[in-house]
Amino acid sequence: MTSMPPSLLNWSPDAVVFDCDGTLMDTERHWQDARGRAFRDFGLLPPPGFAERAKGVHYVDCGRLMAEETHKPDLAPELTTALLEHFLSLVAEEPLTMPGAAEFVRLLAGRLPLAVASNCPRQVVEESLDRAGLLRYFDHVVVATVTPGEAPPPPSGDDGEAPEAVRPKPWPDVYRKAARLCEVPPGAALAVEDSLTGVDSARRAGLRVLGVGPRPDHADARRADAWIPGLNSEEVLTWARARLPVRAPGAAPGRTNGGPR
(Lines give C-alpha, C1' and ligand atoms only; values in the text may rest on other atoms or scores of the structure.)
Protein backbone atom coordinates (compact mmCIF):
# COMPACT_ATOMS: atom_id res chain seq x y z
CA MET A 1 0.00 0.00 0.00
CA THR A 2 1.42 3.39 -1.05
CA SER A 3 1.94 6.07 1.60
CA MET A 4 2.21 8.98 -0.85
CA PRO A 5 -0.98 10.07 -2.66
CA PRO A 6 -1.00 10.96 -6.39
CA SER A 7 -1.07 14.65 -5.46
CA LEU A 8 2.52 14.23 -4.22
CA LEU A 9 3.72 11.36 -6.40
CA ASN A 10 2.86 13.34 -9.56
CA TRP A 11 4.26 16.64 -8.27
CA SER A 12 7.78 18.07 -8.43
CA PRO A 13 8.66 20.65 -5.76
CA ASP A 14 11.05 23.49 -6.56
CA ALA A 15 12.66 23.35 -3.09
CA VAL A 16 12.63 21.09 -0.03
CA VAL A 17 12.71 22.43 3.53
CA PHE A 18 13.61 20.00 6.31
CA ASP A 19 12.96 20.14 10.01
CA CYS A 20 16.09 19.18 11.93
CA ASP A 21 15.21 17.52 15.27
CA GLY A 22 13.67 14.11 14.72
CA THR A 23 13.66 14.49 10.93
CA LEU A 24 17.33 14.83 9.98
CA MET A 25 19.00 14.39 13.33
CA ASP A 26 18.05 11.79 15.93
CA THR A 27 18.00 14.43 18.65
CA GLU A 28 14.66 13.61 20.23
CA ARG A 29 16.44 11.00 22.33
CA HIS A 30 18.93 13.68 23.40
CA TRP A 31 16.11 16.10 24.26
CA GLN A 32 14.41 13.38 26.30
CA ASP A 33 17.66 12.60 28.14
CA ALA A 34 18.28 16.32 28.67
CA ARG A 35 14.80 16.77 30.12
CA GLY A 36 15.41 13.85 32.49
CA ARG A 37 18.71 15.30 33.63
CA ALA A 38 17.20 18.75 34.13
CA PHE A 39 14.34 17.30 36.17
CA ARG A 40 16.85 15.41 38.32
CA ASP A 41 18.96 18.54 38.80
CA PHE A 42 16.04 20.00 40.74
CA GLY A 43 14.83 16.80 42.39
CA LEU A 44 11.74 16.56 40.18
CA LEU A 45 10.04 13.62 38.46
CA PRO A 46 8.80 13.88 34.84
CA PRO A 47 4.97 13.83 34.74
CA PRO A 48 3.43 10.82 32.93
CA GLY A 49 3.30 11.31 29.17
CA PHE A 50 5.50 14.40 29.28
CA ALA A 51 7.84 13.24 26.50
CA GLU A 52 5.02 13.14 23.95
CA ARG A 53 3.66 16.54 24.99
CA ALA A 54 7.13 18.07 24.71
CA LYS A 55 7.88 16.73 21.22
CA GLY A 56 8.52 19.52 18.74
CA VAL A 57 8.04 22.22 21.36
CA HIS A 58 10.52 25.11 21.47
CA TYR A 59 12.98 24.54 24.30
CA VAL A 60 11.90 27.75 26.09
CA ASP A 61 8.28 26.60 26.03
CA CYS A 62 9.47 23.16 27.12
CA GLY A 63 11.27 24.60 30.15
CA ARG A 64 8.14 26.50 31.07
CA LEU A 65 6.03 23.38 30.62
CA MET A 66 8.42 21.37 32.80
CA ALA A 67 8.02 23.94 35.57
CA GLU A 68 4.25 24.19 35.25
CA GLU A 69 3.57 20.46 35.18
CA THR A 70 5.71 19.87 38.27
CA HIS A 71 3.97 22.79 40.04
CA LYS A 72 7.21 24.77 40.25
CA PRO A 73 6.49 27.75 37.96
CA ASP A 74 9.25 29.85 39.51
CA LEU A 75 11.82 27.33 38.27
CA ALA A 76 11.04 27.91 34.57
CA PRO A 77 14.17 29.99 33.78
CA GLU A 78 16.49 27.59 35.63
CA LEU A 79 14.93 24.49 34.06
CA THR A 80 15.17 26.06 30.59
CA THR A 81 18.86 26.84 31.05
CA ALA A 82 19.62 23.38 32.41
CA LEU A 83 17.67 21.75 29.57
CA LEU A 84 19.66 23.53 26.86
CA GLU A 85 23.02 22.96 28.55
CA HIS A 86 22.41 19.23 28.93
CA PHE A 87 21.17 18.98 25.33
CA LEU A 88 24.21 20.72 23.86
CA SER A 89 26.48 18.44 25.83
CA LEU A 90 24.69 15.31 24.61
CA VAL A 91 24.70 16.41 20.95
CA ALA A 92 28.43 17.15 21.10
CA GLU A 93 29.07 13.69 22.51
CA GLU A 94 26.98 11.72 20.03
CA PRO A 95 25.47 13.33 16.90
CA LEU A 96 23.14 10.83 15.23
CA THR A 97 21.19 11.07 11.98
CA MET A 98 17.74 9.59 11.47
CA PRO A 99 17.59 6.42 9.34
CA GLY A 100 17.96 7.30 5.68
CA ALA A 101 18.32 11.06 6.32
CA ALA A 102 21.90 11.42 5.09
CA GLU A 103 21.26 9.40 1.93
CA PHE A 104 18.06 11.33 1.13
CA VAL A 105 19.74 14.72 1.62
CA ARG A 106 22.64 13.74 -0.62
CA LEU A 107 20.21 12.50 -3.27
CA LEU A 108 18.30 15.80 -3.29
CA ALA A 109 21.29 18.12 -2.98
CA GLY A 110 22.15 18.00 -6.67
CA ARG A 111 18.58 18.45 -7.77
CA LEU A 112 16.97 21.48 -6.08
CA PRO A 113 17.54 24.05 -3.30
CA LEU A 114 17.50 22.66 0.23
CA ALA A 115 16.89 24.47 3.50
CA VAL A 116 16.48 23.69 7.18
CA ALA A 117 13.75 25.31 9.30
CA SER A 118 14.14 24.67 13.01
CA ASN A 119 13.00 25.77 16.44
CA CYS A 120 16.44 24.99 17.86
CA PRO A 121 19.18 27.59 18.42
CA ARG A 122 21.41 28.07 15.37
CA GLN A 123 24.39 26.67 17.29
CA VAL A 124 22.55 23.39 17.86
CA VAL A 125 21.37 23.05 14.26
CA GLU A 126 24.62 23.94 12.54
CA GLU A 127 26.92 22.04 14.88
CA SER A 128 24.84 18.86 14.77
CA LEU A 129 24.48 18.94 10.97
CA ASP A 130 28.15 19.77 10.54
CA ARG A 131 29.29 16.92 12.78
CA ALA A 132 27.05 14.61 10.75
CA GLY A 133 28.58 15.85 7.49
CA LEU A 134 25.31 17.32 6.20
CA LEU A 135 25.57 21.07 6.71
CA ARG A 136 27.31 21.68 3.39
CA TYR A 137 24.34 20.30 1.44
CA PHE A 138 21.95 23.02 2.64
CA ASP A 139 21.58 26.34 0.88
CA HIS A 140 19.91 28.01 3.86
CA VAL A 141 19.44 27.44 7.58
CA VAL A 142 16.53 29.29 9.20
CA VAL A 143 15.94 29.36 12.95
CA ALA A 144 13.61 31.32 15.17
CA THR A 145 15.00 34.66 16.28
CA VAL A 146 12.22 35.37 18.79
CA THR A 147 11.68 32.99 21.69
CA PRO A 148 8.14 32.31 22.91
CA GLY A 149 6.81 35.25 24.90
CA GLU A 150 9.61 37.55 23.79
CA ALA A 151 8.82 40.92 22.21
CA PRO A 152 10.11 41.57 18.66
CA PRO A 153 13.45 43.41 18.52
CA PRO A 154 13.34 47.23 18.50
CA PRO A 155 14.29 49.27 15.41
CA SER A 156 18.00 49.62 14.84
CA GLY A 157 20.30 51.16 12.27
CA ASP A 158 20.07 54.36 10.25
CA ASP A 159 16.87 53.31 8.47
CA GLY A 160 15.05 52.75 11.77
CA GLU A 161 13.82 49.33 10.64
CA ALA A 162 13.63 46.43 13.07
CA PRO A 163 15.53 43.21 12.30
CA GLU A 164 13.26 40.53 10.90
CA ALA A 165 11.46 38.72 13.72
CA VAL A 166 11.16 34.99 13.04
CA ARG A 167 8.78 33.31 15.47
CA PRO A 168 9.13 29.60 16.33
CA LYS A 169 6.86 26.81 15.17
CA PRO A 170 3.87 26.46 15.14
CA TRP A 171 4.03 30.01 13.74
CA PRO A 172 4.69 29.84 9.98
CA ASP A 173 7.69 32.19 10.01
CA VAL A 174 10.59 29.72 9.70
CA TYR A 175 9.04 27.91 6.73
CA ARG A 176 7.86 31.10 5.05
CA LYS A 177 11.37 32.58 5.29
CA ALA A 178 13.01 29.36 4.09
CA ALA A 179 10.84 29.32 0.96
CA ARG A 180 11.63 32.98 0.31
CA LEU A 181 15.38 32.38 0.66
CA CYS A 182 15.09 29.46 -1.77
CA GLU A 183 13.38 31.93 -4.14
CA VAL A 184 10.25 29.83 -4.59
CA PRO A 185 6.59 30.45 -3.70
CA PRO A 186 5.59 28.56 -0.53
CA GLY A 187 3.21 26.39 -2.53
CA ALA A 188 6.11 25.20 -4.70
CA ALA A 189 8.10 23.93 -1.72
CA LEU A 190 7.87 20.67 0.22
CA ALA A 191 8.33 20.59 3.99
CA VAL A 192 9.60 17.39 5.63
CA GLU A 193 8.50 17.13 9.28
CA ASP A 194 8.20 14.61 12.09
CA SER A 195 6.06 16.58 14.58
CA LEU A 196 2.53 17.94 14.37
CA THR A 197 3.83 21.27 15.67
CA GLY A 198 6.10 21.48 12.64
CA VAL A 199 3.43 20.18 10.27
CA ASP A 200 1.10 22.96 11.39
CA SER A 201 3.86 25.55 10.93
CA ALA A 202 4.59 24.44 7.37
CA ARG A 203 0.91 24.26 6.42
CA ARG A 204 0.28 27.75 7.74
CA ALA A 205 3.19 28.97 5.63
CA GLY A 206 1.59 27.43 2.54
CA LEU A 207 3.98 24.52 1.94
CA ARG A 208 2.98 20.97 1.15
CA VAL A 209 4.04 18.65 3.96
CA LEU A 210 5.52 15.17 4.03
CA GLY A 211 5.27 13.69 7.52
CA VAL A 212 7.99 11.27 8.62
CA GLY A 213 7.58 8.65 11.33
CA PRO A 214 4.64 6.80 12.86
CA ARG A 215 1.40 7.87 11.21
CA PRO A 216 -0.83 9.76 13.69
CA ASP A 217 -4.40 8.74 14.25
CA HIS A 218 -7.39 9.99 12.29
CA ALA A 219 -7.64 13.77 11.93
CA ASP A 220 -4.04 14.41 12.95
CA ALA A 221 -2.75 12.38 10.01
CA ARG A 222 -4.66 14.63 7.59
CA ARG A 223 -2.74 17.68 8.78
CA ALA A 224 0.10 16.56 6.46
CA ASP A 225 -0.26 15.68 2.78
CA ALA A 226 1.25 12.24 3.43
CA TRP A 227 3.19 10.21 6.01
CA ILE A 228 6.06 7.84 5.37
CA PRO A 229 7.73 5.60 7.97
CA GLY A 230 11.19 7.09 7.38
CA LEU A 231 13.43 8.82 4.86
CA ASN A 232 14.85 5.41 3.96
CA SER A 233 11.46 4.50 2.45
CA GLU A 234 12.01 3.09 -1.04
CA GLU A 235 8.85 4.83 -2.17
CA VAL A 236 10.14 8.33 -1.43
CA LEU A 237 13.59 7.53 -2.89
CA THR A 238 12.01 6.28 -6.11
CA TRP A 239 9.83 9.40 -6.26
CA ALA A 240 12.83 11.69 -5.82
CA ARG A 241 14.83 10.00 -8.55
CA ALA A 242 11.88 10.07 -10.96
CA ARG A 243 10.45 13.54 -10.30
CA LEU A 244 13.49 15.66 -9.39
CA PRO A 245 15.99 16.14 -12.21
CA VAL A 246 19.66 16.72 -11.45
CA ARG A 247 20.63 20.40 -11.65
CA ALA A 248 23.11 21.51 -14.27
CA PRO A 249 26.69 22.01 -13.01
CA GLY A 250 27.12 25.42 -11.40
CA ALA A 251 23.39 25.93 -10.88
CA ALA A 252 23.40 25.19 -7.16
CA PRO A 253 23.37 28.31 -4.98
CA GLY A 254 25.75 28.70 -2.06
CA ARG A 255 24.55 28.01 1.47
CA THR A 256 23.45 31.02 3.49
CA ASN A 257 21.92 31.67 6.88
CA GLY A 258 19.68 34.46 5.65
CA GLY A 259 22.56 36.06 3.74
CA PRO A 260 25.61 35.08 1.73
CA ARG A 261 28.26 33.03 3.44
Side-chain angles (χ1 to χ4, degrees), residues 2-5 7-8 11 13 16-35 46-66 68-69 80 83 87 97-101 104 115-121 124-125 128 142-144 146-149 166-179 186-187 189-233 235-236:
T2 183
S3 302
M4 295 177 65
S7 60
L8 281 186
W11 175 65
V16 177
V17 185
F18 289 86
D19 169 57
C20 187
D21 276 12
T23 301
L24 293 174
M25 301 301 300
D26 188 5
T27 49
E28 186 53 39
R29 187 184 70 184
H30 291 329
W31 279 119
Q32 187 166 344
D33 289 345
R35 289 191 294 266
F50 186 84
E52 188 60 33
R53 292 191 295 279
K55 186 176 182 180
V57 175
H58 190 280
Y59 76 95
V60 173
D61 275 338
C62 186
R64 186 180 302 117
L65 191 64
M66 292 167 70
E68 290 174 354
E69 293 204 12
T80 300
L83 173 64
F87 177 76
T97 57
M98 295 296 291
F104 189 56
V116 173
S118 177
N119 267 0
C120 283
V124 173
V125 176
S128 59
V142 179
V143 300
V146 178
T147 58
V166 181
R167 297 166 296 182
K169 307 170 190 179
W171 293 97
D173 300 21
V174 289
Y175 277 107
R176 189 175 291 154
K177 181 174 181 178
L190 176 68
V192 184
E193 266 287 353
D194 75 304
S195 74
L196 292 174
T197 298
V199 167
D200 290 343
S201 170
R203 294 291 287 187
R204 290 169 181 169
L207 283 72
R208 297 193 189 188
V209 187
L210 179 64
V212 180
R215 181 181 176 88
D217 293 332
H218 309 303
D220 284 343
R222 294 195 293 271
R223 287 153 71 175
D225 292 275
W227 288 88
I228 57 173
L231 292 177
N232 55 354
S233 165
E235 181 182 23
V236 76

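Side chains included, hydrogens not; waters and symmetry mates left out as well; all remaining heavy atoms used.
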Practice prompt. Write down the atom of Ala178, the atom of Ala115, and the distance for their closest heavy-atom approach.
Written response: CB-CB, 4.1 Å
Discussion item. Using the side chain to side chain contact (heavy atoms under 4.5 Å, CB included) criterion, which residues pair with Asp33? Sequence neighbours excluded.
Written reply: Arg29, Leu90
Worksheet item: What heavy-atom pair brings Val174 and Ser118 nearest, and what distance separates the two atoms?
Response: CG1-O, 4.0 Å
Fill in: Atom of Cys20, atom of Val116 and distance for their closest heavy-atom approach
CB-CG1, 4.0 Å
Worksheet item: Among all residues two or more places apart in sequence or in another chain, which pass the ring-ring contact (aromatic ring centres under 6.0 Å, His included) test with Tyr175?
Response: none
Worksheet item: What heavy-atom pair brings Ala101 and Leu24 nearest, and what distance separates the two atoms?
Response: CB-O, 3.5 Å
Worksheet item: Hey, what do you get for SG (Cys62) to CZ (Arg53), rounding to the nearest 0.5 Å?
Response: 10.5 Å
Item to complete: Kindly give the heavy-atom pair with the smallest separation between Ala226 and Leu8, and that separation in Å.
Response: CB-CD1, 3.7 Å
Worksheet item: In Å and rounded to the nearest 0.5 Å, what is the OG to CE distance from Ser233 to Met4?
Response: 8.0 Å
Practice prompt. Enumerate the residue pairs fulfilling side chain to side chain donor-acceptor pair (under 3.5 Å) with a member in residues 202-214, sequence neighbours excluded, ordered by first and then second residue.
Written response: Arg203-Asp225
Worksheet item: Taking the side chain as C-beta and beyond, is there a heavy-atom pair between Pro46 and Arg35 under 4.5 Å?
Response: no
Discussion item. Tell me every residue that passes side chain to side chain contact (heavy atoms under 4.5 Å, CB included) with Pro216, counting only those two or more places apart in sequence or in another chain.
Written reply: Leu196, Asp220, Ala221, Trp227
Worksheet entry | Residues that Arg167 engages under salt bridge (charged side-chain N to carboxylate O under 4.0 Å, His left out), provided they are two or more places apart | Asp173
Practice prompt. For Thr23 and Asp194, indicate whether the former's side chain and the latter's backbone hold a donor-acceptor pair under 3.5 Å.
Written response: yes
Worksheet item: Which value, rounded to the nearest 0.5 Å, describes the distance between Ser128 atom OG and Asp21 atom CG?
Response: 7.0 Å
Item to complete: Could you pull out the closest heavy-atom pair between Ala117 and Val17, with the gap in Å?
Response: CB-CG1, 3.7 Å
Practice prompt. List in chain and number order the residues that pass salt bridge (charged side-chain N to carboxylate O under 4.0 Å, His left out) with Arg215, two or more places apart in sequence or in another chain; answer none if no residue qualifies.
Written response: none
Discussion item. Less than 4.5 Å apart, side chain to side chain, heavy atoms only: is that true for Met98 and Leu231?
Written reply: no
Worksheet item: Within a strict 4.5 Å, meaning less than it, do heavy atoms of the Trp11 and Leu190 side chains meet?
Response: yes
Practice prompt. With rounding to the nearest 0.5 Å, note down the distance linking OG1 in Thr80 to NE2 in His58.
Written response: 10.0 Å
Worksheet entry | Spatial distance of atom OG (Ser195) from atom CD (Glu28) [nearest 0.5 Å] | 9.0 Å
Practice prompt. Assign the ring pair Phe87 / Trp31 to parallel, tilted or perpendicular, where the plane angle (0 to 90°) is split at 30° and 60°.
Written response: parallel
Discussion item. To the closest 0.5 Å, what do you measure between CG (Asn119) and CG (Asp19)?
Written reply: 8.0 Å
Practice prompt. Salt-bridge test for Asp200 and Arg223: reply yes if a basic N is under 4.0 Å from a carboxylate O, no otherwise.
Written response: yes
Practice prompt. Check whether any side-chain heavy atom of Met25 sits under 4.5 Å from a side-chain heavy atom of His30, and report yes or no.
Written response: no
